[in-house]
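Each ligand, and each atom within it, is numbered from 1 in the order the structure gives.
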Amino acid sequence: MTQALDEIKIGGLGVSRKRVEDDRFIRGKGNYTDDITLPGMLHMEILRSPLAHARIKSIDASRAWDIPGVHLVLTGDMMATRNLAWMPTLSYDTQAVLATDKVRFQGQEVACVIADDPYIAKDACEAIEVDYEPLPVIVNPKQAVAEGAPVIRDDKENQADNVIYHWEVGDAAGTDRAFEQADVISRLQLHYPRSHPSPIECCGSIADFNRATSKLTVYMTTQAPHIIRAAVALVAELPEHMIRIISPDIGGGFGNKVPVYPGYVCSILASILLERPVKWIEDKTGNLISTGFARDIYLDGEMALRQDGKILGVRMRCDADHGAFFSDAQPSKFKIGLLHSTFAAYDIPAAHLRARGTYSNKAPGGVAYRCSFRVTEAMFFQERMMQAAADDLGMDQAAFRRMNFVRDEDFPHRTPFGFLLDSGQYRKCLDVGLKAVGYEDFRKRQEEARAKGRLLGLGISTMTEPLGAGNSREYDILGIKMFDSAELKVHMTGKAIVRTGARTQGQGHETTWAQIVSHELGIPAEDVVVEEGDTDTAPFGMGTYASRSTPVAGAAVAMVARKIRAKARRLAAHLLEVSEEDIEWELGRFYVRSAPDRGVTIQECAMAAYSNMPDGMEPGLENTAYYDPPNLTWPFACYIVTVEVDPATGVWDVLTTVAVDDCGVRINPMIVEGQIMGGLTEAYAMASMQFITFDAEGNCIGSNYMDYLLPTAWETPGFELHSEVVTPCPHHPIGAKGIGECAAVGGPAAFVNAVIDALSGTGVRNIDMPLLPDRVWEALTYRRDISGAPPVATDD
Ligand code: CDP
């Protein structure tokens, strides 16, 4: 007789199983792009522009060609002869691969050298002489739209100014009416500064074109290998089946490894020309100044309020600085990503958002850094505005939020911008958070401390965000629909391999996807191997970003396992000699309903699939599922931070950080907690120290880790995590919602709100991030708001 299995013992759903991938990572056995060496491999280095805006008068590479060991020098003109000087971006714009006419940001790619080793290539880059004619520089939207501003994208026909788009969404007339009825109108303006995802591993690629087979294999640091394959096929006009993109282990992505970068394109062309493998590994400064910046958005909002605290309407305007090329990855129909997911957690009758995007002389921005297409900016503004509005009303921060939350009984809830929220228990999350932080008691202590000249503050951030793009009806990138996939092969001994179209970069998919299979089939998780990132073997998928893996690829894993179970049921009926209708399922086992002792395990079914299948049944036990989610998933989070600000220096210390995250069913609670801690660390970093800006000449300030600070374990405060609230996603096969980015999205406002709260009574409404001590000190001392918009000193 066979017994039902214990899900906990086999490492199924809800088990804090140790991450299987860590075995190789902590032993130094990871296999990153830079670890790969191919026979005959050459090395590529990139020459970057020192200027932010300049016309290229000439490029003389003759000295570089003469250096022994140099095989190829690529310049924009050479790329142009192959129609590759420019490439399309993921937002229907174009981006220079190597500059031909002008350079448009500091660090832009001007030429590449391919040599026997990276040192020769680097020296040869320095031997290239470029004659630049400097042009006036633009570093913010105000300058971009000023009278007489130089047109940055004069390469584009019909581009007479620096505006990329105007976009609006919501009900303008309804919102106007709400404002007419308001007792109080609250206003807030802020700048969410540029930040850089800054993964520890920089970008890189090894292109290997084999003339004999006509096959192009590219190892590269990409979060979305299939999208890269499609892009290479379309841009380089190579046959798609002859392109193999392999994304080996990735040392962090955070959105930085979604775009297509010139380095990838140049290494591919160089390999095709030289018929040898060409490796390009970016250095840290190259990564920090030229790849996928995030944010850089000016937000200006108004909230119409009734005296009792009810929000009647919200109006938002935003100016997004996209840098020199509009290259964000985002759904085609939304010009500014999902910024209009803002205020989704609150029941607001009317809202309107107007957005404008402009070019500037900075590297392309707008990348979704640990976020779903601009939701970080959306939630930051939302929670900063909520605090300002509660203060304007003289209302308690928690009571104001609770009063306006979408209520449990109102799901599914349609937001004024058209999103449909799936489920949630927002008040419960807030209550758990308030209890954990000792809210009432803290407010008393705050009063007492203030009487003694000590400044304590408490910041709340409560938010829901849309995770899991698609569905395919509404979400696409360049017309490619947003769904995802999983393939499951159960071998005859009951061991299995699952492949998905996602690509883990540290999130632990190798652990959690096996747990989903285990939950669905009863195969122990340790018997399931997970493989991602090879376009020759993985089914097509849109990749991993925007916390979409669990909502979409994870769902596909559950769905393919169910297909396998359906076939196994037919095999069980055959083995047990009963009809399928007489078969019942319990974890890992089918049995006869009328005789529960008569059963077969999933492993016995697997063996039968290859050795004893019924007549007419196709052999084997494998299948593929493409999952097109009916909706996004909407996790909820309540983050509460308390701080103490030193009035003499502006230094602020975090006293407590409480996080209550409801991401539906947790596949692996330990991994979920790791995701939350990582996100809170990034939130703290953005709020307190990460500063990457540009001076009036467009020089990037913060292009190294001396200036652009990443918090270590030393600076990072402790976090108290709560998992009491679980609201399953009603449309996800296992009830899970995404979690990867929640804390990085919702966390920054909690830290900033806490510091602003500590300054209450001074009239200070806003200090732009990062809240460096000198900014806090200046705000406190001169009782004024502090703008961090570049250039700080010279803006007029
Ligand atoms: O797309 P990405 O992997 O960055 O984000 P995610 O889907 O939110 O998942 C991050 C990690 O947390 C993955 O290993 C998930 O399987 C895990 N997770 C989980 O265990 N339970 C959830 N409800 C959500 C995610």
Side-chain angles (χ1 to χ4, degrees), residues 11-22 197 199 223-224 247 250 252-258 329 368-373 375 422-424 465-470 482 484 486 498 500-519 525 528 530 532-533 541-558 627 629 632-637 661-679 682 721 723 725-729 731-746:
L13 204 63
V15 179
S16 285
R17 181 175 181 237
K18 279 192 183 160
R19 289 166 36 111
V20 292
E21 42 271 86
D22 287 352
Q223 298 174 225
S247 175
I250 300 188
F254 310 105
N256 185 243
K257 291 169 180 166
V258 175
Y369 165 19
R370 204 164 183 170
C371 112
S372 294
F373 313 122
V375 300
D422 55 0
S423 60
E465 56 156 334
L467 296 185
M482 298 195 80
D484 232 287
V498 61
T500 82
R503 180 62 184 126
T504 190
Q505 311 123 39
Q507 296 94 327
H509 295 178
E510 290 173 44
T511 308
T512 47
W513 296 166
Q515 290 183 249
I516 296 176
V517 174
S518 194
H519 169 70
V528 183
V530 175
E532 293 179 334
M542 292 295 276
T544 289
Y545 42 88
S547 296
R548 64 186 299 281
S549 303
T550 301
V552 198
V557 173
Y627 184 77
L632 299 150
T633 71
W634 294 81
F636 183 81
D661 279 273
D662 176 5
C663 60
V665 172
R666 297 183 175 203
I667 303 162
N668 183 319
M670 180 198 69
I671 287 187
V672 168
E673 290 194 354
Q675 295 288 308
I676 297 168
M677 288 186 202
E682 283 173 272
L721 309 186
S723 56
V725 191
V726 177
T727 318
C729 172
H731 60 77
H732 188 281
I734 55 167
K737 303 182 180 189
I739 186 64
E741 67 195 36
C742 293
V745 168

Within the 4.0 Å heavy-atom cut-off around ligand 1, the contacting residues, ordered by chain and number, are Gln507, Gly508, His509, Thr512, Trp513, Thr544, Ser547, Arg548, Ser549, Thr550, Pro551, Cys663, Val665, Arg666, Ile667, Asn668, Ile671, Val672, Gln675, Ala736, Lys737, Gly738, Ile739, Gly740

To the nearest 0.5 Å, atom CD1 of Ile739 lies from atom OG1 of Thr633 at 9.5 Å

Residue pairs meeting salt bridge (Lys or Arg N to Asp or Glu O under 4.0 Å), one or both in residues 731-746, sequence neighbours left out, come to Asp422-Lys737

So CD1 of Ile671 and CD of Gln515: to nearest 0.5 Å the spacing works out to 6.5 Å

Q) Can you tell me if Thr727 and Ser423 form a side-chain donor-acceptor pair at under 3.5 Å? A) no

- Message: Under a 3.5 Å distance rule, please check whether Asn256 uses its side chain to pair with a backbone N or O of Tyr369 as donor and acceptor.
- Response: no

Heavy-atom nearest pair, Ala514 first then Ala525, reads CB-O, 3.7 Å

